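FYI, the numbering just counts along the sequence from 1. Just so you know, these numbers come straight off a predicted model, no measurement behind them.
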Amino acid sequence: QVQLVESGGGLQQAGGSLRLSCAASGSISSINYMRWYRQAPGKERELVAVITSGGLTNYADSVKGRCTISRDKNTVYLQMNSLKPEDTAVYYCNAEGYITSRFRNYWGQGTQVTVSS
């Protein structure tokens, strides 16, 4: 019922910037939270940032002060500045909502971010 497509990843040197995009379609009015997760090779998937339908935001300590999550219509963005090699990961967009009488989570396919040292 919700489809998510990420884009904007790529290769950057340490200290550079990237803006990731997540385009949502479907039952977007039922979405309560939009999140960015990331997963590096050999590591567990971790929450990076979240934005609520009311515009409240929160960030992981590892990216606080360097990243900004925002929403514009049906697209959620993650602006990443002062990139570090440890930011290298596949970044996934996640949407959570109560749709057809169930709590549901939807995931995009991911976009690769690589930060060279």
With clusters defined by side-chain heavy atoms of hydrophobic residues (ILVMFWY) lying less than 4.5 Å apart, directly or transitively, does [Y] cluster with [X]?
X: Val63; Y: Ile69; value: yes
X: Ile31; Y: Val50; value: no
X: Tyr106; Y: Leu20; value: yes
X: Val113; Y: Val90; value: no

### Message
Can you confirm whether Met80 sits close enough to Gln12 that some side-chain heavy atom of one is under 4.5 Å from a side-chain heavy atom of the other?
### Response
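They are not in side-chain contact.
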
### Task
Compare all side-chain heavy atoms of Asp72 with those of Tyr77 and state whether any distance is below 4.5 angstrom.
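Contact flag for Asp72/Tyr77 side chains = yes.
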
### Task
For Leu47 and Ala60, work out which heavy atoms get closest and say how close.
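It is O-CB, 3.3 Å.
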
#### Entry: Nearest non-hydrogen partners of Gln13 and Leu83, listed with the distance
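Of all heavy-atom pairs spanning Gln13 and Leu83, the closest is O-CB, 4.5 Å.
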
Between the side chain of [X] and the main-chain N/O of [Y], is any donor-acceptor distance below 3.5 Å?
X: Thr111; Y: Gly9; answer: yes
X: Glu44; Y: Gln39; answer: no
X: Thr88; Y: Val115; answer: yes
X: Arg71; Y: Val76; answer: no

Any donor-acceptor pair under 3.5 Å linking the side-chain atoms of [Y] with those of [X]?
X: Ser27; Y: Gln1; answer: yes
X: Arg38; Y: Ser62; answer: yes
X: Ser17; Y: Asn81; answer: yes

### Task
Using the six-membered ring wherever Trp is involved, compare the ring planes of Trp107 and Tyr37 and label them parallel, tilted or perpendicular (cut-offs 30° and 60°).
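Taking Tyr37 first and then Trp107, their aromatic rings sit tilted (interplane angle of 30° to 60°).
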
### Task
Kindly determine whether Asp61 and Lys64 satisfy salt bridge (Lys or Arg N to Asp or Glu O under 4.0 Å), including the steps that lead there.
CA-CA 5 Å; Asp61 288 341; Lys64 194 172 299 182; 3.2 Å; yes

